[in-house]
Amino acid sequence: MNENYDFKNIERNCQSNWQKTDLFSSKKDLNKKKYYVLSMFPYPSGKLHMGHVRNYTIGDVISRFKRLNGFNVMQPMGWDAFGLPAENAAIQNQTLPDEWTFGNISSMKSQLNSLGLSLDWGREIATCDPSYYKWEQWFFIQLFKKGLIYKKTSIVNWDPIDQTVLANEQVIDGRGWRSGALVEQKEIPQYFFKITDYAEELDKELENLNNWPSQVTLMQKNWIGKSFGFKVDFQQKEFEKISVFTTRLDTIFGVTFLALAPDHPISKKLSFENEDIQNFIDSIKKTGVSTADQAKAEKKGIFTGLHASNPINNELIPIWISNYVLMAYGEGAIMAVPAHDERDYEFANKYSILIRKVIESNNECSPEKGILINSDRFNSLSSDDAIDQIGLELSKNNLAEKQTKYRLRDWGISRQRYWGCPIPIIHCTNCGEVCESETNLPVLLPKKNKFDFENQSIKTEESFINCKCPECGRSARREKDTMDTFVESSWYFARYTCPDENKQMLNDEVNYWLPVDQYIGGIEHAILHLLYARFFTKLLRDIGLIKISEPFDNLLTQGMVLKDGSKMSKSKGNTVDPGDLIEKYGADTARLFIMFAAPAEQSLEWSDQGIEGSYRFLKKIYTQIYKFNDLLKQQNIKNLSEEPSQNEEFTYQLNKTIEKVTDDIDRRQSFNTAIASLMEFVNYISSINSEKNISDVYFGYKKLLIMLSPFVPHFCEYVFKALTNEDIKEENWPKVDKQALQRKKQTVVIQVNGKVRENIEIDTDTPQSIIEEKAFACEKVLRFINNKNEVKKIIFIKNKILNIVI
RNA sequence: GCCGGGAUGGCGGAACUGGUAGACGCACGGGAUUCAAAAUCCCGCGCUGGCGACAGCGUGCGAGUUCGAUUCUCGCUCCCGGCACCA
């Protein structure tokens, strides 16, 4: 053992040994319980950032912990390799998207390895590899044939100068990021996955995800947005009727206007005849496409000049068109009740529309349910009863229909970009829209020699576009759009189980490894990615490729890594390069610090000074064990048998630590407190005389190193070998001796009116009467009690507290 | 705007089921060691008052429930994440 902690050598040697022995490759083994640990795969941006370090260290700690506990662990890694940044980089750096991406993959792979992650690289996947996306195209075809994919037009951001579709991210303050042109809304045909067919199941099965953070399931629940209500028809002279969806039929007497979405068919028809309406709709089209932009936009509207009649009392109601009504939800039209809906209220105030209260309330606008007023024969009913009765009456007359609605919309997957998985559709003038034949898969992305700025998002290669129709054999044209990159990340966890399978999408291995036992990733993926992955799991099940319905058993959503209060980013110049840290302190210190600095699920404020503390902690253990090793040599001690210690305090401290660390890692996933306990234990060992307690200190260090090894694997492997001459890889996680946790003495706190006045050290389980006696003998307690007669009551919690209330 | 989360010393955080607020670490101050520095070791460290014993105050703000609230309830403020074409 070297006198100084030489992390560079230790880490280099360990990593090369692990690689040589292929230590972390995983195979099906029916003698062990399998455990599949998955961290969300990275986008290969080129440089590892602290968020990756955090994500992958968490996954690695869990993997190593589970291995020590006898599980057959699989921890794979791969690359979410399609996406926009590759195209941007290609334009900026005069490279090609594939060259840029594969270059990044190779440099990020070595960065990941320098962290000492116990990854099974034999299962590596890159989603831009044809052997991966071939099966995505195959799957697309199966879904298409099952009718789970359809085409419809939808709105995109259009940059009129660059003549290209923009992602929401590329629209800054309503302008294209490159051209600076005012962005327009444009309708184009796109393919959609029918995720709404699965809305009910996706909603219902959230209940079974007991090991997911409740905030994530709650966000998904709200996103799916299941609600019960009525579709109500308002009769209308010119257009026969206008249907609206409402969850608050009880407020129908309070309806003072109807509002249509700007892209509602009636709005569109009216715009052809009326220039003002046309201008109004055009002005709305200048706001961004994203829901956030639309919701933040000022509420605007225009009166159509038309009226409709309220089905409950035939009252004539004005019809407006407004930007706060979304075509994508419900009927694209609403019955507005300003007295009981805040958005309607704001709109009615702005345009001086009548506000009529129909639920009892002291406020001008109250969205809460209550007792009906101003509602004719339904007055004094509760909201819920009124909904039932009004619903019944209108339904009888075919004016309303009970409906269950979801806020969830179908998933549009067409992207007008180059660097993505080609959609395997062929447009034939003869046969229409047909799938590419399965034998022709994969539909390869056309190679480019030079990345074309003018047409960055459209494939112009004639050799790609021109093809033969698989049905009739005549000339046809290939679909030019690619798929949303979320499609690739919706099934990669399944493909890891059989990455080399080239005859089918998935084979039987998938049924051994799935579901993923522990999934780890950023909280920013709480809705979209996790919902799409759940959706795909159900699709794969229904096609018969897998048996499970939910992909991820346990979910850990890690917080972001911040510096100076905000997300690390190049533009803010507040990044910390993990490579620099590893160079300066080693991977073990970097891993230890990032796990110690904050709870995994919370955001982590980066501190340059804090990492010094973690480094110091490792150096301290190193030096202590080095000295202890010397002591063993001097005294020529060789065989230390693992006998129970006679030192009661030592066994208590050791077992308390084992219990705490095990529970913290396994159940609570509270890694920062697990490390704190290990630090306390190191402080404790330092405080005992090692010459007089050789055996205790030896076993103390031994157990300590095992428990620390998931966090700092290289360090522990090396030091363990030096101390014991054994291989830490052969060890098991230590077990708690429950007996050792029983203490003979306890501290009981004496309070007066809930304020601590004294502590009493006393035998465990001492009864209340004796503690009371002691308490009333304490000077510090009596000082706050003038007269024993004032004591109103005494609260006693065994081994904890005696509270005297006066 | 809507949905979700957070706020505790100078800083990161701990307190798991309502029961001693501040574990562990950083920073800082004092001391030891050293020619000196770094490293290391020891001691102190919420705020206010007090020589001290000790007392009062204290978990974003305002109320409430309770013998007792960082923890539960209601109402706010600020910060962070998501909002369907960033990944």
Side-chain angles (χ1 to χ4, degrees), chain A residues 40 42-43 45 80 82-85 156-157 165-171 190 213-216 218-219 221-223 225 289-297 299 324 328 342-343 346 408-417 484-486 489 522-529 531-532 557 559-560 562 565-567 593 596-599 601-614 616-617 619-620 623 663-664 667-668 670 672-673 675-680 683 686 747-759 780 783 792-795 797 800-801 803-806:
Chain A
M40 288 179 187
Y43 178 79
S45 59
D80 189 12
F82 276 136
L84 205 48
V156 293
N157 300 304
V165 174
L166 298 176
N168 286 337
E169 193 194 47
Q170 298 172 311
V171 180
Q190 308 202 58
S214 52
Q215 55 157 312
V216 174
L218 186 57
M219 277 192 263
K221 196 162 192 68
N222 290 335
W223 185 261
V289 164
S290 85
T291 323
D293 287 340
Q294 288 175 9
K296 270 184 246 164
K299 290 184 182 54
Y324 80 96
E342 276 167 21
R343 290 158 305 173
E346 197 189 320
L408 183 69
R409 312 203 295 254
D410 276 335
W411 175 14
I413 56 103
S414 293
R415 297 291 179 270
Q416 300 68 41
R417 309 195 187 288
D484 181 2
T485 58
F486 270 121
S489 57
I523 183 68
E524 65 273 20
H525 296 291
I527 297 178
L528 293 179
H529 162 61
L531 188 69
Y532 294 149
T557 48
M560 322 249 295
L562 310 177
S566 58
K567 189 173 172 174
F593 177 67
F596 177 61
E601 70 280 3
Q602 271 177 41
S603 58
L604 182 153
E605 173 67 32
W606 182 257
S607 151
D608 286 326
Q609 287 153 339
I611 195 160
E612 291 277 354
S614 298
R616 216 173 290 162
F617 174 63
K619 275 197 294 188
K620 184 172 159 181
T623 311
D663 190 48
D664 276 356
R667 178 183 64 88
R668 296 182 65 209
S670 170
N672 57 326
T673 54
I675 294 167
S677 301
L678 291 166
M679 286 174 168
E680 280 183 79
N683 292 341
S686 323
T747 306
V748 173
V749 172
I750 311 299
Q751 298 181 330
V752 178
N753 282 351
K755 290 201 175 191
V756 180
R757 297 304 176 187
E758 186 59 294
N759 294 309
K780 279 186 197 169
R783 210 187 292 169
K792 283 192 198 131
K793 61 172 159 178
I794 295 179
I795 306 231
I797 314 283
K800 255 193 189 141
I801 265 175
N803 187 11
I804 301 164
V805 185
I806 56 170

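Residue numbers start from 1 in every chain, and the chains themselves are labelled A, B, ... in the order their sequence lines are given, proteins ahead of strands.
Checking each of A/K299, A/Q294, A/E346 against A/Y324 for a side chain to side chain contact (heavy atoms under 4.5 Å, CB included) leaves exactly one that passes, namely A/K299.
Among the heavy atoms of the strands, none lies under 4.0 Å from A/G559. At a threshold of 4.0 angstrom between heavy atoms, the contacts of A/F486 include nucleobase atoms, whether or not backbone atoms are also involved. Within the nucleic acid shown, A/M560 comes within 4.0 Å of sugar-phosphate atoms alone, with no base atom in reach, counting heavy atoms only. Note on A/K619: only backbone sugar-phosphate atoms sit closer than 4.0 angstrom, heavy atoms only; bases stay farther off. Within 4.0 Å (heavy atoms only), A/H525 reaches at least one base atom of the nucleic acid. Residue contacts shown for A/W223 include a base, since a base heavy atom lies under 4.0 Å away. Nucleic acid contact for A/K620: sugar-phosphate only, since backbone atoms but no base atoms lie under 4.0 Å from a heavy atom of the residue.
For the pair A/K755 NZ and B/A55 C1', the interatomic distance rounds to 10 Å; values are reported in whole Å. Rounded to whole Å, the distance from CZ on A/F617 to C1' on B/U40 is 17 Å. If you measure from atom NZ of A/K221 to atom C1' of B/G5, you get 19 Å, rounded to the nearest angstrom. Following rounding to the nearest Å, A/E346 (CD) and B/G1 (C1') show an atom-to-atom distance of 9 Å. Per the geometry, NE2 belonging to A/H529 stands 15 Å off C1' belonging to B/G82, to the nearest Å. Rounded to an integer number of Å, the gap from A/M40 CE to B/G81 C1' is 13 Å.
Put simply, the side chain of A/Q190 and the base of B/C85 share a donor and an acceptor less than 3.5 Å apart.
Distance from the side chain of A/M679 is smallest for B/G25 among the nucleotides B/C26, B/G81, B/G25. For A/A167, the side-chain atoms get nearest to B/C85 when compared with the rest of B/C2, B/G82, B/C85. Closest contact between the side chain of A/V165 and the listed nucleotides B/C85, B/G5, B/G1 involves B/C85. Here B/C83 is the nucleotide among B/G25, B/G4, B/C83 with the atom lying nearest to any side-chain atom of A/T291. Here the side chain of A/E680 is nearest to one of B/G82, B/C24, B/G4, namely B/C24. Each of B/C57, B/C3, B/A84 was ranked by its minimum atom distance to the side chain of A/R409; first place goes to B/A84.
B/G4 and B/G13: their C1' atoms are spaced 23 Å apart (whole Å). Nucleotides B/C83 and B/G29, compared at atom P, are 46 Å apart to the nearest Å. One P atom belongs to B/U77, the other to B/A87, and the distance between them is 35 Å to the nearest Å. If you take atom C1' in B/G25 and the same atom in B/A14, they sit 11 Å apart, rounded to whole Å.
Donor-acceptor pairing under 3.5 Å is lacking for the side chains of A/S670 and A/D664. A/S686 and A/N683 share no donor-acceptor pair across their side chains, judged by distance under 3.5 Å alone.
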Practice item. Taking Watson-Crick and G-U wobble pairs with both distances under 3.5 Å, convert RNA chain B into its dot-bracket string, 5' to 3', dots for unpaired and | for cross-strand pairs. Key: (((((((..(((......[....))).(((((.......))))).((((....))))..(((((..]....))))))))))))....

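A close approach under 4.0 Å does occur between a side-chain nitrogen or oxygen of A/T485 and OP1 or OP2 of B/A87. Dashed line: the shortest gap from a side-chain N or O of A/N168 to OP1 or OP2 of B/C83 is not under 4.0 Å. OP1 and OP2 of B/A39 both lie 4.0 Å or more from every side-chain N or O belonging to A/R616.
Distance alone, capped at 3.5 Å, is enough to place a donor-acceptor pair between the A/N803 side chain and the A/G754 backbone.
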**Study point:** Residue pair A/N753, A/I806: steps toward the side-chain contact (heavy atoms from CB on, under 4.5 Å) verdict
**Key:** CA-CA 7 Å; A/N753 282 351; A/I806 56 170; 3.6 Å; yes

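In this entry the base of B/G10 is anti relative to its sugar, with a glycosidic angle more than 90° from 0.
In terms of heavy-atom proximity, A/Q170 sits nearest to A/V165 at OE1-O, 4.2 Å.
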Point to revise | Reading 5' to 3' through nucleotides 11-20 of chain B, protein heavy-atom contacts under 4.0 Å coded B for base, S for sugar-phosphate only, - for none | key: -BSSSB--BB

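Comparing A/I523 and A/Y532 against RNA chain B, the residue whose closest nucleotide sits nearer the 5' end is A/I523.
Taking the six-membered ring for Trp and thresholds of 30 and 60 degrees, A/W606 and A/F593 have ring planes more than 60 degrees apart, a perpendicular arrangement. Taking the six-membered ring where tryptophan is involved, the planes of A/W411 and A/F486 are perpendicular, since the angle between them exceeds 60° and thus also 30°.
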